[in-house]
Colleague: 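Can you read through this structure? Questions will come right after.
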2 protein chains.
Amino acid sequence: MADKYISEAVIRRLPRYYRKLEELQAAGVERISSQELSREMGLNASQIRRDFNCFGGFGQQGYGYSVEKLRLELQHILNLDNTYQCVVVGAGNIGHALLAYNEFQKKGFYMKAIFDVNPEIIGIEMNGFTVRSMFEFDEFVKNNDINVGIICTPEDTAQQLCDKLAELKISAVWNFAPVELNGPAWMKIENVNLSDSLYILAYKTGEGETVE
Amino acid sequence: MADKYISEAVIRRLPRYYRKLEELQAAGVERISSQELSREMGLNASQIRRDFNCFGGFGQQGYGYSVEKLRLELQHILNLDNTYQCVVVGAGNIGHALLAYNEFQKKGFYMKAIFDVNPEIIGIEMNGFTVRSMFEFDEFVKNNDINVGIICTPEDTAQQLCDKLAELKISAVWNFAPVELNGPAWMKIENVNLSDSLYILAYKTGEGETVE
DNA sequence: TAGATTGTTAATCGATTAACAATC
DNA sequence: TAGATTGTTAATCGATTAACAATC
């Protein structure tokens with residue numbers, strides 16, 4: 001049967017649960033009730049139980065949840081027991097930083113190459129990688145089982161790149177360009193819009209001030 | 001009177017409106033109705049009108065909205081007609097990238113300095129800045145009207161840094177460390193959790209697949 | 001004026017929270 | 001068994017959408 005529908009609100013809480021459970025396990029905590037977890041995370045205990053029950057009954061009445069078991073379940077739900085082969089496109093500041101950020105490799109997201117269109121930087125060494133030309137892109141993606149594309153190009157070329165990724169059947173796109181991308185339904189796009197985030201911070205800076 | 005309560009859902013849409021209006025204005029569009037905007041953005045027209053009306057009546061019956069006027073209103077609502085003096089703490093990959101990313105300066109977010117605790121990188125040149133020691137931090141913040149702190153440290157020191165920022169009365173924090181920070185109520189914290197974002201992408205990668 | 005489109009109230013939908021029976 | 005806590009149904013709350021009177 002097909003997966004039942006899980007709301008975006010639930011999905012966005014999953015990584016937080018996962019992180020908290022990693023933390024608890026590292027601290028040697030073996031079991032936890034939804035109520036304790038609710039206190040630790042500032043969420044409602046009903047909500048927590050309901051969220052987990054979207055995916056199965058991971059707890060035990062009268063006991064709570066096994067931290068280790070629940071962590072593993074979440075890991076599985078988040079598909080973190082897979083590995084991912086990623087390419088970064090755009091060797092500017094952000095692209096460079098993501099390429100070098102080791103935490104991702106630890107979680108199973110392997111950076112395999114970085115590409116750019118600028119002849120001035122193609123060929124230079126970047127964090128143990130050589131910046132490749134986009135002329136090599138198709139070939140590289142096909143030969144290296146790439147399944148994640150990371151868009152770090154300026155906004156005006158991002159859609160074009162997205163189309164290229166679709167053509168190459170890359171199903172996961174992590175987009176850092178500040179534009180809404182359109183891709184086929186099977187393509188999953190996750191946006192990290194740094195400008196938007198900064199704008200929201202600016203907005204909140206003025207919040208709570210008295211007006212008039 | 002105090003500002004009326006604006007829901008987080010509305011706030012998170014404001015930057016998108018703003019970006020779209022910039023785009024429309026750049027394209028020479030002078031006026032737009034909520035219906036046209038709804039088609040362009042994939043939102044409901046009622047929602048758009050309702051969102052704007054949280055802040056005032058910016059439209060005109062029978063006409064729609066003036067793109068320029070609305071853009072300016074949004075700019076004001078988002079506090080983007082202010083300027084911001086920022087310090088980056090943590091001179092790793094992310095800190096370095098943010099320091100160098102010119103788009104932010106263009107929007108009025110000025111990077112004034114970068115700090116680190118690692119003696120090996122203190123003093124080195126980074127994008128026209130010298131990496132400063134945290135021993136200079138308090139002094140620098142006080143003397144330079146710093147009002148935004150950008151946290152790019154590892155997660156285990158992030159809370160400590162947040163406390164320091166609170167002590168120095170910095171009211172806006174842009175947090176890139178993958179932890180939930182606790183600060184005083186007047187401190188506005190915006191989180192950019194790259195791991196969480198990547199986990200959500202991984203989750204969605206497996207979505208829509210048939211199970212059992 | 002007639003037509004168009006806003007601003008706003010009313011209806012709907014979905015997400016959160018409360019309550020409690022099931023059960024370990 | 002008695003106590004605790006889940007899984008799940010029912011109640012509430014808030015956000016989205018529809019409808020329409022106000023008005024340019």
Side-chain angles (χ1 to χ4, degrees), chain A residues 3-17 20-21 24 29-74 77 180 200 203-204 207, chain B residues 3-17 20-21 24 29-74 77 180 200 203-204 207:
Chain A
D3 291 355
K4 87 163 163 229
Y5 171 78
I6 309 287
S7 80
E8 189 73 15
V10 174
I11 295 170
R12 303 244 148 224
R13 281 192 293 270
L14 297 177
R16 278 193 66 202
Y17 290 129
K20 176 54 80 177
L21 286 159
L24 288 168
V29 178
E30 285 185 3
R31 66 159 160 144
I32 194 156
S33 68
S34 59
Q35 188 172 143
E36 287 170 292
L37 203 49
S38 95
R39 246 180 279 118
E40 293 240 12
M41 299 188 67
L43 297 174
N44 177 290
S46 278
Q47 184 173 59
I48 292 174
R49 293 198 299 277
R50 222 163 199 291
D51 282 353
F52 294 159
N53 278 89
C54 291
F55 303 97
F58 303 137
Q60 195 172 306
Q61 280 98 330
Y63 175 89
Y65 299 87
S66 148
V67 170
E68 154 127 65
K69 177 170 184 296
L70 188 56
R71 206 206 98 241
L72 285 169
E73 292 288 359
L74 254 335
I77 290 163
E180 257 76 6
I200 288 165
Y203 171 82
K204 292 188 175 173
E207 234 182 4
Chain B
D3 291 355
K4 86 164 166 228
Y5 171 78
I6 310 287
S7 80
E8 190 73 16
V10 173
I11 295 171
R12 304 242 147 226
R13 281 192 292 270
L14 297 176
R16 279 192 65 202
Y17 291 129
K20 175 55 81 179
L21 286 159
L24 288 168
V29 179
E30 285 186 3
R31 65 157 160 148
I32 194 157
S33 68
S34 59
Q35 188 172 144
E36 288 169 292
L37 203 50
S38 94
R39 247 181 277 116
E40 293 239 13
M41 299 188 66
L43 297 174
N44 178 290
S46 277
Q47 183 172 60
I48 292 174
R49 293 199 299 278
R50 223 164 198 291
D51 282 355
F52 294 159
N53 277 89
C54 290
F55 303 97
F58 304 136
Q60 194 172 307
Q61 280 99 330
Y63 175 89
Y65 298 87
S66 148
V67 170
E68 155 127 65
K69 177 170 184 296
L70 188 56
R71 205 207 98 241
L72 285 170
E73 292 288 358
L74 254 335
I77 290 163
E180 257 75 8
I200 288 164
Y203 170 82
K204 291 188 175 173
E207 232 182 5

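Computed over heavy atoms, backbone and side chain alike; hydrogens, waters and symmetry mates excluded. Residue numbers begin at 1 in each chain, while the letters A, B, ... track the order of the sequences.
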Colleague: Starting from P on dT16(D), measure out to CZ on R12(B) and report it in whole angstrom.
Modeller: 13 Å

Colleague: With rounding to the nearest 0.5 angstrom, report the OG to CZ distance, S33(B) to R49(B).
Modeller: 9.0 Å

Colleague: S33(A) near the nucleic acid: base, sugar-phosphate alone, or nothing, with a heavy-atom cut-off under 4.0 Å?
Modeller: sugar-phosphate

Colleague: For the pair made of CD1 in I11(B) and P in dA15(D), what is the distance, rounded to whole Å?
Modeller: 11 Å

Colleague: Within this structure, what is the CG-to-P distance between L37(A) and dT5(D), rounded to whole angstrom?
Modeller: 13 Å

Colleague: Please determine if K20(A) and E180(B) form a salt bridge, counting it only when a charged side-chain N lies under 4.0 Å from a carboxylate O.
Modeller: no

Colleague: By nearest atom, which of the nucleotides dT23(D), dT8(C), dG7(D) is closest to the Q61(B) side chain?
Modeller: dT23(D)

Colleague: Answer with base, sugar-phosphate or nothing: what part of the nucleic acid does Y65(B) contact at a heavy-atom distance below 4.0 Å?
Modeller: sugar-phosphate

Colleague: Need to verify one output field. Residue with the more 5' nearest nucleotide on DNA chain C, R31(B) or V10(A)?
Modeller: R31(B)

Colleague: For L43(A) and dA18(C), what is the distance between atoms CG and C1' respectively, to the nearest whole Å?
Modeller: 16 Å

Colleague: At under 4.0 Å, does any side-chain N or O of S34(A) touch on OP1 or OP2 of dT6(D)?
Modeller: yes

Colleague: Does dA18(D) have its OP1 or OP2 closer than 4.0 Å to a side-chain nitrogen or oxygen of N44(B)?
Modeller: yes

Colleague: Between dT23(D) atom C1' and N53(B) atom CG, what is the distance in whole Å?
Modeller: 14 Å

Colleague: Measure CZ/R50(B) against C1'/dT5(C) and give the value in whole Å, please.
Modeller: 17 Å

Colleague: Distance check needed: dT6(C) C1' versus D51(B) CG, whole Å only.
Modeller: 14 Å

Colleague: Taking any heavy-atom pair under 4.0 Å as a contact, classify Q47(A): base, sugar-phosphate, or nothing.
Modeller: base

Colleague: Heavy atoms under 4.0 Å, any strand shown: does S46(A) hit a base, just sugar-phosphate, or nothing?
Modeller: base

Colleague: Find the distance between CD1 (I6(B)) and CD1 (I11(B)) and round it off to the nearest 0.5 Å.
Modeller: 7.0 Å

Colleague: Check the distance between dT6(C)'s C1' and Q35(B)'s CD and give it to me in whole angstrom.
Modeller: 12 Å

Colleague: Hunt down the Watson-Crick or G-U wobble partner of dA22(C), both distances under 3.5 Å, from any strand shown, or write none.
Modeller: dT5(D)

Colleague: Please determine whether a side-chain nitrogen or oxygen atom of R13(B) lies at a distance below 4.0 Å from atom OP1 or OP2 of dA15(D).
Modeller: no

Colleague: Could you let me know what dT17(D) is paired to, Watson-Crick or G-U wobble, both distances under 3.5 Å, or none if it's on its own?
Modeller: dA10(C)

Colleague: Take Q60(A) and R49(B), find for each the nucleotide of DNA chain D with the closest heavy atom, and name the residue whose nucleotide sits nearer the 5' end.
Modeller: Q60(A)

Colleague: Starting the side chain at C-beta, find the nucleotide from dA15(D), dA18(C), dT5(D) nearest to A9(B).
Modeller: dA15(D)

